[in-house]
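Quantities reported herein were computed from a predicted structural model and do not represent experimental measurements. Chain naming here is simple, since letters A, B, ... match the order of the sequence lines and numbering starts at 1 in each.
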Amino acid sequence: MEYNFRDIESRWQKQWAEEGIYHVGECNGKPKFYVLNMFPYPSGAGLHVGHPLGYIASDIYARYKRLQGFNVLNPMGYDAYGLPAEQHAIKTGQHPEISTFQNIDHYREQLDKIGFSFDWNREVRTCTPDYYHWTQWAFQKMFGSFFCNKKQKAMPIEVLTAHFEQEGTGDWDVACTEEMHFTAEEWNSWDARKQSDVLMNYRLAFMGETMVNWCPQLGTVLANDEVVNGVSERGGYPVEQKKMRQWCLRVSAYSQRLLDGLDTIQWSDSIKETQRNWIGRSEGTEVQISVAGSDVRFTIFTTRADTMFGVTFFVLAPESELVDQVTTAGQRKEVDEYIKYVKSRTERERMIDHTVTGVFSGAYGINPITGDKCPIYIAEYVLAGYGTGAIMAVPAHDSRDYAFAKHFGLPIIPLVEGADVSEESYDAKEGIVTNSPVSEDKSVKYDGEALCLNGLSIKEAIQETKRFVSAHNLGRVKVNYRLRDAIFSRQRYWGEPFPVYYRQGIPTMIPEECLPVELPEVEKFLPTETGEPPLGNAQIWAWDEANRKVVDKALVDEKTIFPIELYTMPGFAGSSAYYLRYMDPKNDHALVSEEAASYWQNVDLYVGGSEHATGHLIYSRFWNKFLFDLGVSKKEEPFQKLINQGMIQGWSSFVFRVKGTQKYVSFDLLDVQYDDTAKKNRYFFEGMEADPIYTDISTVKNGNQLDVEKFREWMPEFKDAEIITNEAGNYIISQAIEKMSKSKYNVVNPDDICERYGADTLRLYEMFLGPIEQSKPWDTNGIDGCFRFLKKAWGLFWAKDSDALAVSDEEPTRENLKTLHRLIKKVSEDIEEFSYNTSIPAFMVAVGELQQQKCRSRKVLEQLVVLMAPFTPHVSEELWHALGHDTTVCDASWPELCEEYLKEESVTLGVQFNGKVRFSMEFPADATPEQMREMAETAPEAAKYLEGMQVVKVVAVPKRIVNFVVKPGK
RNA sequence: GCGCUUGUGGCGAAAUGGUAGACGCGCCAGACUUAGGAUCUGGUGUCUCGCGACGUAGGGGUUCGAGUCCCCUCAAGCGCACCA
């Protein structure tokens, strides 16, 4: 019987959907397993072959786990809010929801063709009110919480206000934007507005005046991970630094927990390391510096407390508030000019250009250890956002300070024995400290004690200085994190609205029972003429406190009716807790019920791209930890194991058009020159320049030739093209590996593959391409091999030239069982290790062997069907039913491995002399090393190698090798 | 600059420290076919007529034995980057 994949696949896909065989519930009899893919953003371009890579890998794992008896949750949904839909809406005037839903339908259609075992009953879309209800709810909970540093836990804000009423700030160590100190009397004397402002310093979701990444072209602020190389990730527009009042999430409060959690999860080292870098923990010392002749004091942060004796100047960040306080009248003008210059520079300029700039403030700081007066500079190489925005400069042991000192002619004092600092600084943290102090009178005594570090190693010196500084109250030991709080508002339309109104200017939460606050209709999706965000265009957008509903904003009276927030939430809001919602997607009363959360716990296997390392994967860990503190989430970490599938790239193809003509020249006829200034190749034909132009992959034949007819048909503008071919009459194209994208015409569509080869072949081939975590270009050429394999496997079950099943009840031979169990072993191991690319060859070999063995045994073939089921569900289902089962193959059991069949009676091993294999011979599989040695030594082939030689040593490893170490002599 | 990852045929890639290149693509030859991008069989790392020798980016080391473990160098990719 012919392998008719079109019929098989469409028939089973329909039946699976009708019978709902992939729907799961909370089943306490079975152990749970939660498999999850990063849900896609449904773009207008549809799926390309890269998207399903991760879905197929996780689907194989999900099906495998199900066959092993687990109750597997494998859901899918859509990250439906996003910029492209909004940009499309601005262009066309069409509501973004319409295009988004159309795209979702298209995605679903494409996904359904590949035969995934998703439970579509649990689908979520981040843009539907029943979903973002819980995004808003979580935000309100964060607003209503603060973080206790000692307990390392979020707590209700009421606990903090009660404390303020009783004791003021006291010495409670609480995560905050800036440290504040006030008494209970002060707190109680403040009005609601002032109290609200102060609480913003502590809330986990708060409004803060912070430096933000402002993108004028997009008209919105962006999170740090949305800015790449100083330009916006979406669109590549310039980004400026701007001080703005924005909603923020106090992600930094969880820095330590985010760091510690990494040790408890199975993620790749590279992604854990990326997150560690992003969190950027650094242990150091804060030291108080007083300004000479003034009351002003400031704090510096250093990780090199051992270098206190080498300080020759101090530096403040230009944005620091201290700049104004410190600057002397004489230097005012120069400082102002410098600040103006710094402000004129964009983020991008600052990143690329590291030339030394700075200005003297006129003031001097006093080094508390040496008593020295050192000049205070202002320079942009010190960042306001890190540490205290002020540093002590030790040019001898910090390359940046060194460059600055050289530029401004400041002294350089080496502090490490043997360090030569005449050409460059000595930054290494190794060596013995000297010059600290140079002489006794160079260090200040506190309580009769002076710091002396001479003779200590640098590490010891750091510890000693920390002790000294803390003991004499000159500063304290401090841990800093690079991780910044996340800016949580966007000036866009297509996002979750904030459930917040402004009660006489005070941000106030809309009552929890009134959620969700639905995104209002607007006429235009652009900012208003007065520069308000798009929601400023919404008419029905005011909160009526008395009637507890959203009303016309014309009614705002600031007594009972107030304006609602115009900002919306960023993309990561909806994607931060969706894995919890899948557990209980239709719950109206809670994000997730207690029962569902307790049963499903967290995601066992999460599959998605590594590009989310510092975005989604940090935010959702933060979000989950917060929900864990609330008791909603049951696990500290949301994703136990993470697999990052590589990106599938496309082959872009180029033709070359001579400038200003319709001549298209074959690539091999061109002169290629590298343009050093433009950093790209330029192409010339008979002295005229030719431009590379993308051509569609469908116009390419034989790997690198242009199919001229298809090319002419592809676009009207090429219809009358003058094609200049090479001598052989072929037109050679040029190719490049690039990201798959519609605009590069290199997209390979999974639908086309399914149409031509079937979903099972597509699934096999995507896994066969290479290791799942590696990026690789898509190459359709190899797919025939997988298709042939399926036809071969199919052929095992059917009689030749007839529709009859050719399976018998005969007992399997030992050979059959050996092949089968070798396959069981290999495939089980491979799936556990996600090396699917090597199990497909194993299938190929096994099927080849069974074919050669003329195996017709039902017992063997039935198990083969089950083994293939995770990879090729359609074929397996068809064969499973053909073999007479009336249940789905998904409910079969994964075959048990029986090592007995793998045992060898004898084994052929290479016999080596001095490490080189000279001949092979048979050994009993259970031979001991002694027996092996004896057999090898007495073998006739061995004689010529042992002739006149002395045996120094023999190494015999059962099932591995026999090696004689010999040397001449007797 | 720091961190992570990767270097194996024409290509995608395999190899618990044990005969490197399984399997697939491509290519070559043959079979069946009255031309097809079908199917099947065999071959295919390099050098050599052959015996054989050499081969896993380069160099060193550990080992009876190294693609694999250790050290150094080089190259590529990704991430972070005046983070004090």
Side-chain angles (χ1 to χ4, degrees), chain A residues 224 228-229 268-282 284-285 300-305 307 315 317 350-351 353-357 379-383 385-394 397-401 403-404 427 480-484 610-611 613-614 644 646-647 701-703 764-765 768-771 773-789 791-792 829 835 837-846 848 908-920 951-957 959-966:
Chain A
N224 284 347
V228 179
N229 291 327
S268 72
D269 287 344
S270 73
I271 223 156
K272 282 191 192 180
E273 207 48 41
T274 303
Q275 291 211 344
R276 284 191 192 105
N277 282 336
W278 190 259
I279 295 166
R281 182 183 205 272
S282 94
T285 315
I300 57 98
F301 175 78
T302 180
T303 53
R304 292 294 301 274
T307 58
V315 189
R350 263 179 94 158
M351 278 172 76
D353 175 22
H354 283 183
T355 48
V356 177
T357 67
E380 61 178 337
Y381 85 89
V382 173
L383 306 175
Y386 185 76
T388 58
I391 62 153
M392 62 179 211
V394 185
H397 302 292
D398 182 288
S399 52
R400 296 152 303 177
D401 298 345
F404 195 86
D427 290 14
N480 260 326
Y481 299 91
R482 202 190 72 98
L483 186 66
R484 298 270 72 90
S610 58
E611 67 272 20
T614 55
N644 299 115
M647 207 197 311
K701 62 174 183 183
N702 301 338
L764 274 184
Y765 185 58
F768 182 65
L769 267 177
E773 303 208 299
Q774 231 163 67
S775 286
K776 55 234 157 189
W778 176 267
D779 173 15
T780 308
N781 285 329
I783 200 167
D784 289 309
C786 289
F787 188 54
R788 275 199 275 270
F789 158 73
K791 281 196 284 191
K792 220 189 239 183
E829 283 170 2
S835 41
N837 59 319
T838 59
S839 30
I840 289 152
F843 275 116
M844 291 175 175
V845 170
T908 308
L909 296 182
V911 177
Q912 302 179 341
F913 291 88
N914 288 341
K916 286 214 168 138
V917 178
R918 296 300 173 175
F919 63 90
S920 313
V951 177
V952 178
K953 189 176 175 186
V954 183
V955 182
V957 183
K959 297 193 187 173
R960 293 284 177 223
I961 207 81
V962 184
N963 184 49
F964 291 85
V965 184
V966 293

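One can place CZ of F787(A) at 19 Å from C1' of C23(B), the figure rounded to the nearest angstrom. Distance, F919(A) CZ to G18(B) C1': 16 Å, rounded to whole Å. In this structure, CD of E380(A) is placed 17 Å from P of A81(B), rounded to the nearest angstrom. We find that CZ of F843(A) is positioned 15 Å from P of G24(B), with the value rounded to whole Å. In this structure, R482(A) atom CZ and G3(B) atom P are separated by 16 Å, rounded to whole Å. Atom P of nucleotide G65(B) and atom CZ of F964(A) are separated by 16 Å, given to the nearest angstrom. When rounded to the nearest whole Å, the span between CZ of R918(A) and P of G65(B) equals 14 Å.
Taking every heavy atom of both residues into account, A403(A) and V356(A) meet most closely at CB-CG2, 3.9 Å. For V394(A) against T307(A), the heavy-atom pair with the smallest separation is CG2-OG1, 3.3 Å. Here the shortest heavy-atom pairing between S775(A) and M647(A) reads OG-N, 3.0 Å.
Scored by the side-chain contact (heavy atoms from CB on, under 4.5 Å) test, D269(A) finds no partners at all (sequence neighbours excluded). Not counting sequence neighbours, the partners of R281(A) by the salt bridge (charged side-chain N to carboxylate O under 4.0 Å, His left out) test are E283(A). Contacts of S282(A) classified as side-chain contact (heavy atoms from CB on, under 4.5 Å), with partners at least two apart in sequence or in another chain: F301(A), T303(A), Y386(A), N480(A). Every side-chain contact (heavy atoms from CB on, under 4.5 Å) that S399(A) has, sequence neighbours left out, goes to S425(A), D427(A).
Atom CZ of R276(A) is separated from atom CZ of R482(A) by 15.0 Å, given to the nearest 0.5 angstrom.
For Q912(A) against G18(B), a side-chain-to-base donor-acceptor contact under 3.5 Å is present. Counting distance only, with no hydrogens placed and no angle test, the side-chain atoms of N277(A) and the base atoms of C80(B) include no donor-acceptor pair under 3.5 Å.
Comparing A81(B), G18(B), C23(B) against the side chain of M844(A) picks out C23(B) as the nearest. Comparing U39(B), G24(B), A84(B) by their nearest atom to the side chain of D398(A) picks out A84(B). Across C23(B), G18(B), A84(B), the shortest atom-to-atom separation from the side chain of L383(A) is found for A84(B). In the set A84(B), C80(B), U39(B), the nucleotide with an atom closest to the side chain of K791(A) is U39(B). In the set C23(B), G18(B), C82(B), C82(B) carries the atom at the smallest distance from any side-chain atom of H354(A). Residue E273(A) has its side chain nearest to C4(B) when only C4(B), A84(B), U39(B) are considered.
Checking the phosphate oxygens (OP1, OP2) of A84(B), no side-chain nitrogen or oxygen of Y381(A) falls inside 4.0 Å. Side-chain nitrogen and oxygen atoms of R276(A) include none within less than 4.0 Å of the OP1 or OP2 phosphate oxygen of C4(B). Remark: R788(A) is in phosphate contact with C25(B), judged by side-chain N or O atoms under 4.0 Å from OP1 or OP2.
Comparing U44(B) with G50(B), their P atoms sit 13 Å apart, to the nearest whole Å. The separation of C51(B) from C4(B), taken at their C1' atoms, amounts to 49 Å, rounded to a whole angstrom. Atom name P, nucleotides U39(B) and G45(B): the rounded distance is 24 Å, in whole Å.
Taking syn as a glycosidic angle within 90° of 0, G21(B) does not qualify and is anti.
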Protein-nucleotides 5-14 of chain B N/O pairs under 3.5 Å:
unit_1 : atom_1 : unit_2  : atom_2 : d
G12(B) : O2'    : L769(A) : O      : 2.3
A13(B) : OP1    : Q774(A) : OE1    : 2.9
A13(B) : O3'    : N837(A) : ND2    : 3.4
A14(B) : OP1    : N837(A) : ND2    : 2.9

| remark: Dot-bracket for RNA chain B, 5' to 3', Watson-Crick and G-U pairs with both distances under 3.5 Å, [ ] for crossing pairs, | for partner on another strand, reads (((((((..(((.....[....)))((((((.......))))))(((....)))..(((((..]....))))))))))))....
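Applying the side-chain contact (heavy atoms from CB on, under 4.5 Å) test between I840(A) and each of L764(A), V845(A), L769(A) identifies L764(A) as the sole match.
The aromatic rings of F843(A) and F789(A) are tilted relative to each other, their planes meeting at an angle between 30° and 60°.
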